[in-house]
Amino acid sequence: MSKLLYSVTMSADGFIAGPGGDMSWLAPHLGPNPQADDLAARTGALLVGNRTFRGDDPNKGTEKEGAFEGAWQGPHIVLTHHVPDTPVPGVEFLGSLPDAVAAAKAAADGKYVNVLGANVARQCLEAGLLDEVLTMVAPVLLGDGVRLFEHPGGTNVRLEQISVSHVPTATNIWYRVVS
């Protein structure tokens, strides 16, 4: 059965995007990372938030544009209430979280569903649908932007550490979400 994994690179102070959703901060911090590189082969589908789908790619306009720096091709399930008028090949647009998760799991065919986007990841977590979280912590402080996880009023989501690894550009911390 496919699992939902939120994999994301964040700053040491907990931001996954800069102010206004700016992803340009990330490009200098991407580098060889076997944990991330291996994940592309273990992913069967992407569950993507609308904002992420519409342009939060730090490699936009380069040969590395797309998921996993362009190394992954496959089904994209986009959670949105704004379906484009023109179909996009390989992309299915759905308006409800349960429908989007079900479609992504079916498309993943037993591999990971990789969740992209802070909002959709938060929705999955709050609905009890997120199985694992992989944070790649880059050695930089942003000071402002989009947080890895935000819950107004706070909450307590328990995580169990699965593994930790280090490369020059990041510390990878893989967690299981504890119910």
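Excluded from the calculations below are hydrogen atoms, water molecules and symmetry mates; all remaining heavy atoms, backbone and side chain alike, are included.
Closest of all the heavy-atom pairs between His81 and Gly95 is CE1-O, 3.0 Å. Nearest heavy-atom pair, Val88 versus Pro84, reported as atom, atom and distance to 0.1 Å: CG2-CG, 4.5 Å. Among all heavy-atom pairs drawn from Gln161 and Val164, the shortest one is NE2-CG2, 3.1 Å. Across Ala108 and Val113, no two heavy atoms sit closer than the pair CB-CG2, 3.7 Å. The two atoms that bring Val137 and Ala12 nearest to each other are CG1-CA, 3.8 Å, heavy atoms only.
Two residues are said to be in side-chain contact when any heavy atoms from C-beta on lie closer than 4.5 Å; Tyr6 and Cys124 fail this criterion. Here the side chains of Thr9 and Trp25 are in contact, with some heavy-atom distance below 4.5 Å. Side-chain contact check for Asp109 versus Ser2: every heavy-atom pair is 4.5 Å or farther apart. The shortest distance between side-chain heavy atoms of Asn172 and Asn33 falls below 4.5 Å. Between Leu30 and Thr169 the shortest side-chain heavy-atom distance does not fall below 4.5 Å. Proximity of Tyr175 to Ile162: side-chain heavy atoms (C-beta onward) are nowhere separated by under 4.5 Å. Considering only heavy atoms from C-beta on, His29 comes within 4.5 Å of Val140 through its side chain. Lys105 is listed as a side-chain neighbour of Leu4, based on a closest heavy-atom distance under 4.5 Å.
Stacking of Arg147 on the aromatic ring of Phe15 is recorded, both the 6.0 Å distance cut-off and the 45° axial limit being met.
With Asn114 contributing its side chain and Thr43 its backbone, the two residues share no donor-acceptor pair below 3.5 Å. Looking at Ser96, its side chain does come within 3.5 Å of a backbone N or O of Asp99 through a donor-acceptor pair.
In the hydrophobic clustering of ILVMFWY residues, with side-chain heavy atoms under 4.5 Å counting as a link, Val157 and Val120 come out together. Placement of Leu134 and Met10 in two distinct hydrophobic clusters is found when ILVMFWY residues are connected by side-chain heavy-atom separations under 4.5 Å, directly or transitively. Residues Tyr112 and Leu79 do not share a hydrophobic cluster, clusters being chains of Ile/Leu/Val/Met/Phe/Trp/Tyr side chains in contact below 4.5 Å. Leu116 and Leu94 fall into different hydrophobic clusters, defined by Ile, Leu, Val, Met, Phe, Trp and Tyr side-chain heavy atoms under 4.5 Å apart, directly or through other members. Ile77 and Leu5 fall into different hydrophobic clusters, where Ile, Leu, Val, Met, Phe, Trp and Tyr are joined by side-chain heavy atoms under 4.5 Å apart, directly or via other members.
We find the CZ-NZ distance between Arg42 and Lys3 to be 9.0 Å, quoted to the nearest 0.5 Å. Note: Leu125 CG to Leu130 CG = 5.5 Å, rounded to the nearest 0.5 Å. Residue His76 holds its NE2 atom at 4.5 Å from CG of Leu46, rounded to the nearest 0.5 Å. For the atom pair CE of Met136 and CG of Leu39, the computed distance is 7.0 Å after rounding to the nearest 0.5 Å.
Using a 3.5 Å distance cut-off with no hydrogens or angles, the side chains of Trp174 and Glu132 do pair a donor with an acceptor. A donor-acceptor contact closer than 3.5 angstrom links the side chains of His166 and Thr171.
Ring planes of Phe149 and His151: parallel class, angle under 30° (limits at 30 and 60°).
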Open item on the list: Could you go through Asp131 and Val177, starting from their C-alpha distance and side-chain angles, then the distance that decides it, and tell me whether this counts as side chain to side chain contact (heavy atoms under 4.5 Å, CB included)?
Closed with: CA-CA 5 Å; Asp131 298 297; Val177 178; 6.0 Å; no
